[in-house]
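Notes follow once the structure below has been shown.
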Amino acid sequence: MAARHAITLSSRVQRLPPNPFAPLVPLMKDPANIVLAQGVPPMELFPLAAMSVTLADGTAVSLSASDVQSAQRYPPFAWGPLLSWCRRHTAEVHRPPHATETGGGAGWDVAVAAGSMSSVEMAIALLLEPANDQGKGDWLLVEEFSFTASLDCLASVGARTLGVPMDRHGIDPAALRQMLVDCQRAVAAAAHADAAPPSLPGAGPGTGKVPASLDRMPKALYTIPVGQNPTGGRLPASRYQEIYDVCQEFGVAIIEDDPYYYLQHDGTAAGPGAAGAVATEGPMAALEPCAEVATVAPADVWRGLGRSFLSLDVDGRVIRLDSFSKIVAPGFRLGWITAAPHVVRAYNGLAYCGSQNGSSLSMVVLGRLLETWGDQGFAQQITRAQSLLRRRSRALVAAVRAECGDLVDFAEPKAGLFLWVTLKDHMADGTALASFPSGGAVEKAMAEFGVVVLPGRVFAPFAADDSDDGCSSVASPPATHRGLRLSFVGDEAAYSDACRRLRGLILLLCSQGAVQPPGA
């Protein structure tokens, strides 16, 4: 009998023919075989003969002649060391309940990805059906504020999204369950228009967030649980299991997009990563001076990172996306995906038709970099990042509080790179503050005041309307039109000046009628 999987792949993936080269690669790597199957230039024409890179600390990483040759071939000949690192590191950090692909449970595997956004796009292609002739695609659950590029990717394939209510920590599990109950009601009502809505166990009064046009259950939940983009929140340990249980109950897959997982800098993490461990808040390494980080044991760093959905995944419903962009450098354009083996095989099949999993040159260089660092060096890179971002986060918070504290509210970020600020309802003198305008006014004000932030409206999920054509439209929650995303990546010496400029920007928008200035 065929294996049953928690994740059902899209029709596009099911139509995809097998990669004819996949079974040939091991044979092509065997020096005993004479290969007459290549479709590449003769290796004598490859232009690179030697390569060495110097790290920021002065360490030289030299590539062997074999490495340099592999870096100029297709990725299956280049990703070996990097792929092995990703497998081993995932097992050590997340300890999935099914420890190996051949072990119990659903099993898991990893694939190298051509950067974070490529893996988001591919995860969407793996799961969702694109829009049909009526403009109706599959439904996806997202946080009510979410990453703009992912939302744009969803919109481009005609996916329809439902924004799940959040608080400052992230998704509210009870609200998620109620939303899915509402979805069941809506789907049942659509299927039996003349019948009374079904009575469902545990159903509350409804969220009011499910449109009448809902014609099928959401396929998956897309979430950024750590360093949530744009809010900077960190999902508490207890909520992971609750959200996983809800998704399991309703047959919903989880796309765990976690590029900021390693950038937790508020001093706490969401409990141990091991499945079944006690979900308690625990101290992270409180390291300020970078010189001290070499003394931290890698196992302690991994333990401090805390829980993930992958660490709870007993039935293979999680597609986890990790990225080197935020912890090493974005120019490598590399990350990795972890999922059930059939999902990873499908991912590699789609990559064969598209991204080819990324750049061979980047794979070889990054693989040797990680080998040179070892676990201790990689742990040092992580703790240095945490220490630096902790300091810069606090500096930006202090500057916003000093220069704009009477204009905006915010919660201090727990992880990631961003501070999310929203306009207060009223100034201290009682003057009401309206929402920011659209149509380019905010961008023009940025140019005038010389400060660049990201307007909150771009983080609003697309929501389906109930018009005859069924097409998606932007339905921005009011809070996104009152928000701005600030980053604390740059030198903190500029933050006070930046926030003075930000104050001027807001007051300029007030004078243009976007918000009412004090005393207007």
Side-chain angles (χ1 to χ4, degrees), residues 7-16 19 75 79 83 86 109-132 135-143 145-163 218-225 227-230 252-261 309-310 317-326 330-340 342-360 362-363 458-462 472 474:
I7 289 179
T8 301
L9 300 171
S10 68
S11 59
R12 175 189 174 187
V13 172
Q14 295 179 38
R15 288 193 301 266
L16 186 67
N19 178 357
W79 65 37
L83 187 62
C86 293
D109 201 1
V110 303
V112 176
S116 181
M117 273 315 303
S118 175
S119 58
V120 169
E121 180 185 27
M122 299 264 281
I124 291 168
L126 286 169
L127 294 177
L128 302 187
E129 300 298 331
N132 58 23
K136 295 181 178 180
D138 274 336
W139 291 89
L140 187 78
L141 297 161
V142 299
E143 288 141 338
F145 312 118
S146 193
F147 179 41
T148 178
S150 298
L151 296 176
D152 291 345
C153 183
L154 287 164
S156 72
V157 299
R160 296 175 287 176
T161 58
L162 295 172
K219 281 274 189 76
L221 167 67
Y222 171 78
T223 177
I224 306 172
Q228 203 277 337
N229 191 352
V252 172
I254 299 173
I255 303 174
E256 183 177 25
D257 188 9
D258 222 357
Y260 308 107
Y261 178 70
F309 286 111
L310 180 65
R317 72 179 54 255
V318 174
I319 300 177
R320 179 177 171 82
L321 312 179
D322 281 282
S323 175
F324 290 106
S325 293
K326 305 301 189 287
F332 283 107
R333 301 312 311 137
L334 289 173
W336 72 101
I337 173 178
T338 308
H342 77 291
V343 176
V344 172
R345 286 191 293 269
Y347 184 95
N348 284 329
L350 286 176
Y352 154 68
C353 296
S355 71
Q356 294 281 317
N357 298 83
S359 161
S360 296
S362 289
M363 291 176 190
V458 304
F459 301 101
F462 286 72
S472 293
V474 179

Is there a donor-acceptor pair under 3.5 Å between the side chain of [X] and the backbone N or O of [Y]?
| X | Y | answer |
| --- | --- | --- |
| Ser10 | Ala125 | yes |
| Arg160 | Gly137 | yes |
| Glu256 | Val318 | no |
| Glu121 | Cys153 | no |
| Asn357 | Val112 | yes |

Check: Arg333/Ser116 side-chain N/O donor and acceptor closer than 3.5 Å: no
Step-by-step side-chain contact (heavy atoms from CB on, under 4.5 Å) determination, Arg345 to Asp109: CA-CA 9 Å; Arg345 286 191 293 269; Asp109 201 1; over 6 Å; no
First locate atom [atom1] of [X], then atom [atom2] of [Y], and finally report the distance between them rounded to the nearest 0.5 Å.
| X | Y | atom1 | atom2 | answer |
| --- | --- | --- | --- | --- |
| Leu16 | Leu9 | CG | CG | 10.5 Å |
| Leu310 | Arg317 | CG | CZ | 13.5 Å |
| Ile224 | Ser150 | CD1 | OG | 5.5 Å |

Phe309: partners by ring-ring contact (aromatic ring centres under 6.0 Å, His included), with sequence neighbours left out: Tyr240
With Leu127, the side-chain contact (heavy atoms from CB on, under 4.5 Å) member among Val13, Ile319, Asp138, Leu140: Ile319
Trace of the side-chain contact (heavy atoms from CB on, under 4.5 Å) decision for Asn348 with Asn19: CA-CA 9 Å; Asn348 284 329; Asn19 178 357; over 6 Å; no
Working for side-chain hydrogen bond (donor to acceptor under 3.5 Å, both in side chains), residues Tyr222 and Ser146: CA-CA 9 Å; Tyr222 171 78; Ser146 193; 5.1 Å; no
CA sep, side-chain torsions, deciding dist, call: Ile7, Leu126, side-chain contact (heavy atoms from CB on, under 4.5 Å): CA-CA 9 Å; Ile7 289 179; Leu126 286 169; over 6 Å; no
Pair Phe324-Cys86, side-chain contact (heavy atoms from CB on, under 4.5 Å): steps then yes or no: CA-CA 11 Å; Phe324 290 106; Cys86 293; 4.2 Å; yes
Set of salt bridge (Lys or Arg N to Asp or Glu O under 4.0 Å) partners for Asp258, sequence neighbours left out: Arg320
